[in-house]
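Side chains included, hydrogens not; waters and symmetry mates left out as well; all remaining heavy atoms used. In each ligand, atom 1 is the first atom listed, and ligand 1 is the first ligand listed.
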Amino acid sequence: MSYEAFQSEPLPFDENIVVKGWEKRTVEKETYKRFHELTTKDYERFWEAVASELEWFKRWDHVVVPGAYPNVYKWFAGSLQNISHLCLDRHVRTWRRNKVAIIWEGEPLDEQGVPKEVRKLTYYDMWRLTNRIAEGLSRIGVRRGERVAIYMPMVPELPAVMFACARLGATFTVVFSGFTSENLAMRMRDLGARFLVTADGFYRRGKVVRLKEVADSACQLYDGIEKVVVYRRLRDEVPMKEGRDVFLDELISQVPVNAYVEPERMTIDEPLYVLYTSGTTGKPKGIIHDHHAYSVILHATMKWVFDLRDEDVYYCTADIGWVTGHSYVAFGPLMEGATIVMYEGAPDFPGPDRWWSIVERYGVTILYTTPTAVRMLMRFGEEPVRKHDLSSLRLIHSVGEPINPSAWRWLFEVVGNKRCPVGSTWWQTETGGILISHAPGLMLVPLKPGTNGPPLPGIEVEVVDETGNPLPPGAKGLLVVKKPWPGMLGPPTGMWGDPEGYRRVYWSRFPDVYYTGDYAIKDQDGYIWVAGRADEVLKVAGHRIGTFELESALVANPAVAEAAVVGLPDPIKGEVPLAFVTLKVGHVPSEQVKNQLLNWVRERFGPVVAPKDVLFVRGLPKTRSGKIMRRLLRAVVMGAPLGDVTTLEDEATVDEVKTAYEELKQYLKT
Ligand code: ATP
Ligand code: MG
């Protein structure tokens, strides 16, 4: 059987779903295509028009010009901007002053199952809080151009500290609160931070996490931190170092209630933040974003992709420690004046319906989540979802990994009750905002389960072969972005302190186009199907197959919760797939289930590329941002060194995979 004959099997290229209630917004694919062509033809004018919708201290002299280093583009050169102004000041001048900006829910519940702590902060509250924090930080020496590390849990003070740094013109890096002291120290060192803002701790899955202790050990590994500011979430005793550490509440209690810190007028060469990528493929990269072009992509995508309106209650489940939380919890929605939900704890605590109870409690209308979380929650069946009234939802998107058609259908049918457009928004830390997605806020094209959809207006992407030539529809290749876009890695160096790394990683593979590192298919309608990372394609007896396609087929089986496939070297076929699988609640691993799964994949892909074996594990190694680390599975299988494992969610999963694989090797020998 030829590769072409089976490649489209699990990916429903030809499905066209029109969503109930969205008929008026739905357009023919051709209509969108024609509109899209107009926006990319003169993309500079197009983005200029979008940027004109925002307020600026000073408008740009040029829309986009080359920067000091090759391929570092300067968007909106000559402009002056401050994102803190866009997120707060501009709203408190309008009726939104008293609108709720953040609904925050702590993790602990009382005996009745009611959250013990809920806080609601208006735009005015957030503006006041941010100004007081900014004044407090400036009194301990935080200035324009200074670098600040932020290591905090999901509390409203976290975005307030980010906005305060932005206001002062300091460059910050947020480090995910689940990271170890080594992770934190590495990032602080790379950034050259002199200040650290952290917290005493927080609640996670019913336990207390003592963050300050981790922060203290990080300061032993990196001695460049001069001042540590500690937000009191737990209000327990914490060790404080005389002269270095200060509580945030004490710092701001010395500041007048009506403190006002004027936002610095930032140029495009002054970074807003540096964020390190997830580290799925290797060492995390320090990506720079600015106040200017970054705001433009966020403004555009909040409108187009999320169709955000003033009456919405918007809930993005990501932690602010990831780029999704930067762009689509903190900056994007607040720039647009939204009411957002922020939740402190774990999605499955105390039960797998916690998120659904949050949706019900606050009448969430827009939900943004990840496929890994969805697959994890799917394990528990439909009952936890069905017991809550989710009728307020009107739009759902996912991000972070390809979404399997079956997980898509679950979101669409079970969670969204077929009334909500469900999308899979493709983007990266490097892109600042979403680049490929349905745009229901503009016009909705028919949906296909699992696709990312057509590229957004102003964004031109292509799927190319190894030599950079565009591939015909249906063929699998490498995803590139053909024109610069606002929100791309910012000046001055793209990657923090490493202009050469920037050029090498993104611009050396093909001249003049941005290389994403992902592989994808473009279908006959121009929809993009990102199917994983370029280094995760297997070559089995001459057939090229993405690990994601096999995983998707496995996850479509009713017994399977999660699957990860890696290639095993094979003397005859070159490579053969090997599958690691976790089962849904109520299913137990057995020889019979294994054979069923092998047959299931054979039926769908033919015998050539079917996995050599299926190994059952209780968990798969994932990054803290919820991505399966196939590179670790591959290292286990190859007996190679594991490489960087610092961003791993649960180190026990690696041992489990190792054990399963050792057992397999024993078995193969006998
Ligand atoms: P590193 O670059 O350090 O290896 P990472 O690529 O996992 O880490 P992120 O920037 O958080 O770090 O993730 C971006 C990547 O996530 C994309 O390049 C793509 O592989 C994947 N991705 C994100 N959203 C989607 C989506 N909707 N569909 C398919 N893949 C996605
Ligand atoms: Mg990446």
Side-chain angles (χ1 to χ4, degrees), residues 11 174 176 183 186-187 274-289 301 305 316 318-328 368-374 396-405 407-408 411 422-438 448-456 461 463 478-481 487-489 495 501-502 505-506 514-521 527-537 546-549 551-552 621-632 643-649:
L11 298 181
V174 177
F176 172 53
N183 296 141
M186 182 286 257
R187 286 162 177 76
V274 174
L275 181 65
Y276 295 82
T277 57
S278 303
T280 313
T281 49
K283 193 170 171 289
K285 304 173 272 284
I287 307 300
I288 299 175
H289 287 298
T301 49
V305 178
C316 169
D319 192 286
I320 290 184
W322 309 118
V323 74
T324 306
H326 281 59
S327 296
Y328 297 110
Y368 194 25
T369 189
T370 66
T372 11
V374 171
I396 303 172
H397 283 296
S398 87
V399 62
E401 281 217 323
I403 187 159
N404 321 79
W408 187 93
L411 270 182
V422 172
S424 168
T425 64
W426 180 88
W427 61 295
Q428 313 174 302
T429 310
E430 295 89 335
T431 70
I434 300 164
L435 298 195
I436 307 175
S437 168
H438 298 294
K448 307 181 192 196
T451 184
N452 301 107
L456 286 178
V461 300
V463 174
L478 306 168
L479 180 69
V480 298
V481 187
M488 63 195 302
L489 313 84
M495 261 159 79
Y502 169 74
V505 177
Y506 307 104
Y514 170 86
Y515 174 55
T516 65
D518 285 343
Y519 78 104
I521 299 163
Y527 287 29
I528 303 293
W529 302 68
V530 172
R533 288 152 204 282
D535 56 4
E536 283 168 3
V537 185
T547 52
F548 167 74
E549 290 165 88
E551 289 161 8
S552 216
K622 287 186 210 112
T623 61
R624 296 278 176 128
S625 59
K627 296 164 192 283
I628 298 176
M629 272 174 137
R630 292 178 193 78
R631 113 181 126 76
L632 279 191
D644 186 358
V645 293
T646 51
T647 64
L648 207 59
E649 165 77 32

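No hydrogens or angles considered: a donor-acceptor pair under 3.5 Å links the side chains of Thr301 and Tyr328. Side chains of Thr425 and Tyr368: a donor on one and an acceptor on the other come within 3.5 Å.
Shortest contact from atom 4 (O) of ligand 1 to any protein heavy atom: Thr281 OG1, 2.4 Å. The protein heavy-atom contact nearest to atom 21 (C) of ligand 1 is Gly400 O, 3.3 Å. Here the protein heavy atom with the shortest distance to atom 6 (O) of ligand 1 is Arg533 NH1, 3.0 Å. Of all protein heavy atoms, the one closest to atom 5 (P) of ligand 1 is Thr280 OG1, 3.5 Å. Protein heavy atom closest to atom 11 (O) of ligand 1, with residue, atom name and distance, is Ser278 OG, 2.8 Å. Of the protein's non-hydrogen atoms, Pro402 N, 3.2 Å is the one closest to atom 29 (C) of ligand 1. Protein heavy atom at the shortest distance from atom 8 (O) of ligand 1 is Gly279 N, 3.2 Å.
The two residues Pro405 and Ser552 come nearest to each other via the heavy atoms CD-OG, 3.1 Å.
Within the structure, ligand 1 lacks Val323 among the residues with a heavy atom less than 4.0 angstrom away. Using a 4.0 Å heavy-atom cutoff, Gly517 is absent from the residues neighbouring ligand 1.
In terms of polar-atom proximity, defined here as any N/O pair under 3.5 Å, Val530 makes no such contact with ligand 1.
Near Thr429, meaning under 4.0 Å from any of its heavy atoms, are these atoms of ligand 1: 9 (P), 10 (O), 11 (O). Close approach of ligand 1 to Thr425 (heavy-atom distance below 4.0 Å) involves ligand atoms 24 (N), 25 (C), 26 (C), 27 (N). Close approach to Asn452 involves these atoms of ligand 1, each under 4.0 Å from a residue heavy atom: 26 (C), 27 (N), 28 (N).
A side-chain donor-acceptor contact under 3.5 Å links Tyr519 to the backbone of Ala531. For His326 (side chain) and Gly321 (main-chain N/O), no donor-acceptor pair under 3.5 Å exists by modelled atom type. Listed for the Asp518 side chain is no donor-acceptor partner under 3.5 Å among the backbone atoms of Leu479. Although no hydrogens or angles enter the test, the distance criterion places no donor-acceptor pair under 3.5 Å between the side chain of Glu401 and the main chain of Thr372. Using a distance-only test at 3.5 Å, with no hydrogens or angles considered, no donor-acceptor pair links the side chain of Thr277 to the main chain of Thr429.
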- Item | Lys285 and Glu430: CA distance, side-chain angles, deciding distance, side chain to side chain contact (heavy atoms under 4.5 Å, CB included) verdict | CA-CA 9 Å; Lys285 304 173 272 284; Glu430 295 89 335; 3.7 Å; yes

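If you take CZ on Arg533 and OG1 on Thr547, they are separated by 10.0 Å, rounding to the nearest 0.5 Å.
Salt bridge status for Glu551 with Arg630: present, with a side-chain N to carboxylate O gap under 4.0 Å.
Looking at Lys285, Lys283, Glu430, it is Lys285 that brings a heavy atom closest to atom 2 (O) of ligand 1. Within the set Arg631, Gln428, Met629, Lys627, the minimum heavy-atom distance to atom 16 (O) of ligand 1 is found for Lys627.
With a heavy-atom cut-off of 4.0 Å, Trp322 does not touch ligand 1 at all. Looking at Asp518 against ligand 1, only its side chain comes within 4.0 Å, counting heavy atoms.
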